[in-house]
Peer 1: 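Could you have a look at this structure, given as structure tokens, before my questions?
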Amino acid sequence: MIEIKGVHKSFGSLSVLEGIDLKVNSGEVVCLIGPSGSGKSTLLRCINGLETYDRGDILVSSERVDRQSKTIHEVRTQVAMVFQRFNLFPHRTALENVMEGPVYVKKENPQAAREQARALLEKVGLAHRMDAYPDELSGGQQQRVAIARALAMRPKAILFDEPTSALDPELVGEVLAVMRKLADEGMTMVVVTHEMGFAREVADKVCFLYGGRIIEEGPSREVLGTPKQARTQEFLRRLLNHSEVPA
Ligand code: ADP
Ligand code: MG
């Protein structure tokens, strides 16, 4: 579904991705972990063409992701992205936010788009909040609207960039539960996260990024349970210690 081969990317003189190779099969969940600045967001942005890359290839369903190509819009509708900040339209209701893409980008019939949006909001547990505006919703609810909005484009894969990092701790679980449901249904997902419980239980594969390289990857239980690289061990130790700091 997604194939990344030897991808390099620099911002000016700053080398951010230094030869990334990664395969994500259909229905797989891959979690990307790693310290801040290791290139996780940049990699996701390259996969759906929000960012260019300098060398290598990124293929989505065998189609090369190339910001200059005429098919880039198609690639973008095939690969949805969910961000840390929900990026909902503030002046539109939850329902209107979910209808937006199908109606304005895909030119779908508004009535059909509305029906689909209702079903998707129901799926993410927001049947009772369809007519609420974003500022009337909690962060967790807003992020679930953002997930419904991503699904409305019927993507082949969804990329999540720290989807729960901006949430109050008590709201994290409801978003992870929705993501877990999507994974169970066979959605192909690449998830940047610091939620190690989610990664351990849901990911088929975990990749540890450090300095623009994947320096360790494998089944979640191995990478998180018995990491081989000293840097992975150190990262996981810090994460664990940090979460033990009392609030
Ligand atoms: P992560 O998501 O792992 O924290 P990022 O991919 O956001 O890492 O960033 C990797 C590096 O690239 C960082 O040093 C960051 O400052 C830099 N960077 C990211 N985006 C830009 C940009 N648009 N222009 C210049 N530098 C950037
Ligand atoms: Mg990031």
Side-chain angles (χ1 to χ4, degrees), residues 1-9 16-17 20-33 39-54 56-88 97-108 113 116-117 120 123-124 143-164 175 178-193 199 202-207 209 214:
M1 169 79 52
I2 300 172
E3 196 169 2
I4 302 172
K5 291 184 281 194
V7 165
H8 290 251
K9 163 80 182 169
V16 175
L17 300 179
I20 298 280
D21 294 290
L22 177 65
K23 258 190 190 170
V24 185
N25 295 318
S26 183
E28 254 183 355
V29 177
V30 173
C31 281
L32 301 179
I33 63 171
K40 306 180 297 296
S41 294
T42 302
L43 179 58
L44 287 193
R45 293 168 60 81
C46 287
I47 296 173
N48 88 333
L50 284 173
E51 195 71 75
T52 58
Y53 48 100
D54 307 327
D57 293 297
I58 298 179
L59 306 175
V60 173
S61 300
S62 308
E63 184 108 19
R64 191 168 188 274
V65 179
D66 175 355
R67 259 170 73 91
Q68 263 74 53
S69 108
K70 287 193 198 82
T71 56
I72 187 63
H73 294 290
E74 241 163 82
V75 171
R76 281 222 189 108
T77 61
Q78 288 176 10
V79 182
M81 186 122 163
V82 173
F83 300 91
Q84 181 174 342
R85 298 266 163 211
F86 333 112
N87 300 353
L88 299 177
N97 266 283
V98 179
M99 289 173 60
E100 173 89 17
V103 173
Y104 294 99
V105 180
K106 285 193 154 181
K107 314 285 179 208
E108 287 178 13
Q116 180 192 240
L120 289 173
K123 184 188 180 85
V124 300
Q143 192 60 300
R144 286 186 282 144
V145 174
I147 293 171
R149 186 179 55 176
L151 290 170
M153 299 301 275
R154 285 178 231 109
K156 289 185 175 159
I158 307 186
L159 314 177
F160 293 85
D161 194 358
E162 300 196 35
T164 59
V175 173
V178 167
M179 292 169 62
R180 193 182 293 252
K181 187 156 112 186
L182 295 181
D184 288 344
E185 290 173 3
M187 178 58 79
T188 307
M189 297 162 53
V190 182
V191 185
V192 173
T193 187
V202 182
D204 297 292
K205 181 159 78 178
V206 171
C207 299
L209 257 84
I214 295 174

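Quick note: residue numbers are just sequence positions, from 1. Just so it is clear, the values below take in all heavy atoms, side chains as well, and ignore hydrogens, waters and symmetry mates.
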Peer 1: So if I apply the side-chain contact (heavy atoms from CB on, under 4.5 Å) rule between Ile4 and each of Val190, Leu43, Asp21, which one comes out positive?
Peer 2: Leu43
Peer 1: Using modelled atom types only, decide if a donor and an acceptor are shared between the side chain of Arg180 and the backbone of Val202 within a distance under 3.5 Å.
Peer 2: no
Peer 1: Could you report the tightest heavy-atom contact between Phe83 and Gln143, atom names first, then the distance?
Peer 2: O-NE2, 2.8 Å
Peer 1: Just how far is it from atom CG of Leu209 to atom NZ of Lys40, taken to the nearest 0.5 Å?
Peer 2: 7.5 Å
Peer 1: Quick one: are Pro155 and Val79 in side-chain contact, heavy atoms under 4.5 Å?
Peer 2: no
Peer 1: To the nearest 0.5 Å, what is the distance between CD1 on Ile2 and OG on Ser26?
Peer 2: 10.0 Å
Peer 1: Are there over 12 heavy-atom neighbours, none belonging to Arg64, within less than 6.0 Å of that residue's CZ?
Peer 2: yes
Peer 1: Is there side-chain contact between Gln78 and Glu63, with at least one heavy-atom pair below 4.5 Å?
Peer 2: no
Peer 1: Answer with yes or no whether the side chains of Thr77 and Lys106 bring together a donor and an acceptor at under 3.5 Å.
Peer 2: no
Peer 1: For a quick test of reading the model, state the closest non-hydrogen atom pair linking Leu17 to Cys46 and the distance between them.
Peer 2: CD1-SG, 4.3 Å
Peer 1: Answer whether the closest heavy-atom distance between the side chains of Lys9 and Thr42 falls below 4.5 Å.
Peer 2: yes
Peer 1: Compare all side-chain heavy atoms of Leu50 with those of Leu44 and state whether any distance is below 4.5 angstrom.
Peer 2: no
Peer 1: Looking only at atom types and distance, does a side-chain atom of Arg144 sit under 3.5 Å from a main-chain N or O of Val124, one as donor and one as acceptor?
Peer 2: yes
Peer 1: Looking at Lys181, I'd like to know if its NZ atom is crowded, meaning that more than 12 non-hydrogen atoms belonging to other residues, nucleotides or ligands lie closer than 6.0 Å.
Peer 2: yes
Peer 1: Looking at every non-hydrogen atom in both residues, tell me the closest pair between Val16 and Gly39 and how far apart they are.
Peer 2: CG1-CA, 4.0 Å
Peer 1: What closest approach, in Å, do Val82 and Pro163 show between heavy atoms, and which atom pair accounts for it?
Peer 2: CG1-CB, 4.4 Å
Peer 1: Within a strict 4.5 Å, meaning less than it, do heavy atoms of the Met179 and Ile147 side chains meet?
Peer 2: yes
Peer 1: State the CG-NZ distance between Leu59 and Lys23, to the nearest 0.5 angstrom.
Peer 2: 10.0 Å
Peer 1: Does the pair Glu100 and Arg149 meet the rule for a side-chain contact (heavy atoms from CB on, under 4.5 Å), with working shown?
Peer 2: CA-CA 8 Å; Glu100 173 89 17; Arg149 186 179 55 176; 5.5 Å; no
Peer 1: Would Ile47 and Val65 count as a side-chain contact (heavy atoms from CB on, under 4.5 Å) if you check the C-alpha gap in whole Å, the side-chain angles of each, and the deciding distance to 0.1 Å?
Peer 2: CA-CA 7 Å; Ile47 296 173; Val65 179; 5.7 Å; no
Peer 1: Would you say Val192 and Ser41 make side-chain contact, with heavy atoms under 4.5 Å?
Peer 2: no
Peer 1: Quick one: does Asp161's side chain have a donor or acceptor within less than 3.5 Å of a partner on Gln84's backbone?
Peer 2: no
Peer 1: Nearest 0.5 Å, what's the OG1-CD distance between Thr193 and Glu162?
Peer 2: 7.5 Å
Peer 1: Could you pull out the closest heavy-atom pair between Val103 and Ala113, with the gap in Å?
Peer 2: CG2-CB, 3.6 Å
Peer 1: Could you pull out the closest heavy-atom pair between Val29 and Ala183, with the gap in Å?
Peer 2: CG2-CB, 3.7 Å
Peer 1: For Leu22, which of Glu3, Lys5, Lys205 qualifies under side-chain contact (heavy atoms from CB on, under 4.5 Å)?
Peer 2: Lys205
Peer 1: Does the side chain of Ile58 reach to within under 4.5 Å of the side chain of Tyr53, using non-hydrogen atoms?
Peer 2: yes
Peer 1: Using side-chain contact (heavy atoms from CB on, under 4.5 Å), reason through Lys156 and Val60 one step at a time and then give a plain yes or no.
Peer 2: CA-CA 9 Å; Lys156 289 185 175 159; Val60 173; 5.5 Å; no
Peer 1: Can you find a pair of side-chain heavy atoms, one from Ile20 and one from Ile214, that are under 4.5 Å apart?
Peer 2: yes
Peer 1: Distance from Gln116 atom CD to Leu151 atom CG, nearest 0.5 Å?
Peer 2: 8.5 Å
